[in-house]
Amino acid sequence: MKIGILISGRGSNMAAIVDAVKSGEIPNSSVAVVISDKADAGGLAKAAERGVETLVVERRGRTRAEHDAEIADELEKRGIELVCLAGYMRLLSPEFVRRFAGRIVNIHPSLLPAFPGLDAQKQAFDAGVAVTGCTVHYVDELLDHGPVILQKEVERLKDDTVETLTQRILAEEHQLYINALKKLAMDARATKQA
Ligand code: GAR
């Protein structure tokens, strides 16, 4: 499974994926490129340190479709089979979603369909829920939406602040993303062998 990862920021999920691919925890896979829409994304250095090709594709006043077309071209040039969104904070255009139909996955820090959008952990905290969590899902044309692959619940503790809750969710995100990709890699291998 040839993976391309899109990021906008810190890139901790991206780093967890790259490390799990390198260790073989995600089998038969490689991460061919990490693309950021932000030149100052902290994740770019993390990818480079891990020997993964990095690319910055900024929007530069273009339409969403034009920007996404450049990203899609770069992914296709490298033969990417699976696109992983890891803190990629832009909605993808319908054209991009169609070009990679069924081959785009995302991680989101809530139990979707609850709390899509920005600051999902704070949304859940402010809503006073007893349990929140994280979701890995296939991406469709809507924001933080599409068939769920895996979810993990995280309890809100009595003394939690938004920050401590966010931290515990993030730790679960890393393992959940790895588990989801492991499942997809094993399914892909089974399909290729059939
Ligand atoms: C993660 O918590 C991820 O779930 C969230 O952004 C953070 C990125 O952190 N994504 C979304 O909210 C998508 N709607 P990271 O850059 O360290 O992986």
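Position 1 is the first residue of the sequence, and the numbers go up from there. Both ligands and their constituent atoms are indexed starting at 1 by order of listing.
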task: Side-chain contact test, heavy atoms from C-beta onward, threshold under 4.5 Å: evaluate it for Asp68 versus Val97 and give yes or no.
output: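 Of all side-chain heavy-atom pairs linking Val97 with Asp68, none is under 4.5 Å.
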- prompt: Quick check: does any side chain N or O of Glu172 sit under 3.5 Å from a backbone N or O of Ile169, one acting as donor and the other as acceptor?
  reply: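 Not a single qualifying donor-acceptor pair exists.
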Compute the shortest N/O to N/O distance between [X] and ligand 1 and return yes if it is under 3.5 Å, no if not.
X: Asn106; result: no
X: Met14; result: no
X: Tyr88; result: no

message: Tell me whether Arg59 is salt-bridged to Glu66, with the criterion being a basic N under 4.0 Å from an acidic carboxylate O.
response: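 No, Arg59 and Glu66 are not salt-bridged.
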Glu95 and Arg99 ion-paired at < 4.0 Å: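 No, Glu95 and Arg99 are not salt-bridged.
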Tell me which protein heavy atom sits closest to [atom], plus the residue, atom name and distance to 0.1 Å.
atom: atom 10 (N) of ligand 1; answer: Ile107 O, 3.7 Å
atom: atom 15 (P) of ligand 1; answer: Ser12 N, 3.4 Å
atom: atom 12 (O) of ligand 1; answer: Pro109 CD, 3.4 Å
atom: atom 8 (C) of ligand 1; answer: Gly87 CA, 3.6 Å
atom: atom 4 (O) of ligand 1; answer: Glu173 OE1, 2.6 Å

task: Would you mind listing which atoms of ligand 1 come within a distance below 4.0 Å of any non-hydrogen atom of Gly11?
output: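 Heavy-atom distances to Gly11 below 4.0 Å select 15 (P), 16 (O), 17 (O).
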task: Using a 4.0 Å heavy-atom threshold (strictly under), name the region of Asp144 that reaches ligand 1: side chain, backbone, both or neither.
output: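 The answer is the side chain.
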task: Kindly identify the option in His108, Met89, Arg10 whose heavy atom sits closest to atom 7 (C) of ligand 1.
output: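 Heavy atom nearest to atom 7 (C) of ligand 1 belongs to Arg10.
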